[in-house]
Amino acid sequence: MVEVIDEIALDDITLWKVPPGGGLFFVGKDDYVKINEAKYDSESTSKEKRFYVKGTPTKINGNTLRIIDFQTDNPLVMGKSLYRVDKNGSVGSIVFYPSMKYVLHKLDDTYSRVGDNVGLRVAELPPGKYFYCVGEMTIRSRNGGGFFFEVSS
């Protein structure tokens, strides 16, 4: 005899609507907040190359951030690195002398692929300014793009 089950218990399921266009979006209480795009530039001396973020950060409240990463023009959404921005607007430097050393304020976040062009990023961040760099900052980098936001408590 086969037993028929009328009910199956499921864990909570979260559904989000697709953002109106590509970019990074903070998941708010009822809707998305688009994170401002920004640029970084570098300045070099004989001893180091320092990277500075230029732009206006999106203001976000809260420490646990859920960010929808949705790209319409490029299926690769994993190639973003999170950096803390100091009070001078710098994410750090590459020191040439006395040894080649990367001194960048790189942070970890959790990335979950949802689809070919959609992912979810989660990070616990204290108040401050942050920059998601598209790609990596290297010795050959002079400038590039990303997404700039500020966490307030």
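- A side-chain donor-acceptor contact under 3.5 Å links Asn117 to the backbone of Gln71.
- No option in Val27, Thr110, Asp109, Ile68 other than Asp109 meets the side-chain contact (heavy atoms from CB on, under 4.5 Å) test with Arg121.
- Residue Asp108 places its CG atom among 12 or fewer non-hydrogen atoms of other residues, nucleotides or ligands, all under 6.0 Å distant.
- Contact detail for Lys129 and Pro57: the closest heavy-atom pair is CE-CG, 4.3 Å.
- Linking ILVMFWY side-chain heavy atoms closer than 4.5 Å, directly or via other members, places Phe70 and Val122 in a single hydrophobic cluster.
- Contact annotation: the side chain of Arg66 approaches that of Leu120 to within less than 4.5 Å [non-hydrogen atoms, C-beta and beyond].
- Leu24 and Val134 fall within a single hydrophobic cluster, where Ile, Leu, Val, Met, Phe, Trp and Tyr are joined by side-chain heavy atoms under 4.5 Å apart, directly or via other members.
- Among residues at least two apart or in separate chains, salt bridge (charged side-chain N to carboxylate O under 4.0 Å, His left out) pairs with a member in residues 42-52 are Glu48-Arg50.
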When the side chains of residues 140-151 are checked against the rest of the protein, which donor-acceptor pairs come out under 3.5 Å, sequence neighbours left out?
from	atom 1	to	atom 2	distance (Å)
Ser141	OG	Glu136	O	3.4
Ser141	OG	Thr138	N	2.9
Ser141	OG	Thr138	OG1	3.3
Glu150	OE1	Lys59	NZ	2.8

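- Screening Ile35, Leu82, Ile60 for a side-chain contact (heavy atoms from CB on, under 4.5 Å) with Leu65, the sole residue that qualifies is Ile60.
- Ser152 and Asn61 make their closest contact through OG-OD1, 2.6 Å (heavy atoms, listed as atom of the first residue, atom of the second, distance).
- Annotation: salt bridge (Lys or Arg N to Asp or Glu O under 4.0 Å) contacts of Asp86 (sequence neighbours excluded): none.
- One distance of note links NZ of Lys101 with CZ of Phe96; it measures 15.0 Å at 0.5 Å rounding.
- Annotation: side chain of Tyr130 is in contact with side chain of Leu107 (closest heavy-atom distance under 4.5 Å).
- Leu104 and Ser93 get closest at one heavy-atom pair: CD2-N, 3.6 Å.
- No side-chain heavy atom of Ser46 sits under 4.5 Å from any side-chain heavy atom of Tyr97.
- With hydrogens and angles left out, the side-chain atoms of Asp69 and Tyr111 include no donor and acceptor closer than 3.5 Å.
- Under the 3.5 Å distance criterion, with hydrogens and angles disregarded, a donor-acceptor pair is assigned to the side chains of Asn36 and Thr58.
- Taking Ile, Leu, Val, Met, Phe, Trp and Tyr as hydrophobic and joining them when side-chain heavy atoms fall under 4.5 Å apart, one finds Val103 in a cluster with Val95.
- Taking OG of Ser44 as the reference point, atom CD1 of Ile94 lies at 8.5 Å (rounded to 0.5 Å).
- For Tyr40, the ring-ring contact (aromatic ring centres under 6.0 Å, His included) partners two or more places apart in sequence, or in a different chain, are Phe51.
- Placement of Leu125 and Tyr83 in two distinct hydrophobic clusters is found when ILVMFWY residues are connected by side-chain heavy-atom separations under 4.5 Å, directly or transitively.
- Here the closest non-hydrogen pair linking Phe131 and Met137 is CE2-CE, 3.9 Å.
- Considering only residues two or more places apart in sequence or on other chains, Lys34 meets the side chain to side chain contact (heavy atoms under 4.5 Å, CB included) condition with Phe25.
- Among all heavy-atom pairs drawn from Ala38 and Val53, the shortest one is CB-CG1, 4.3 Å.
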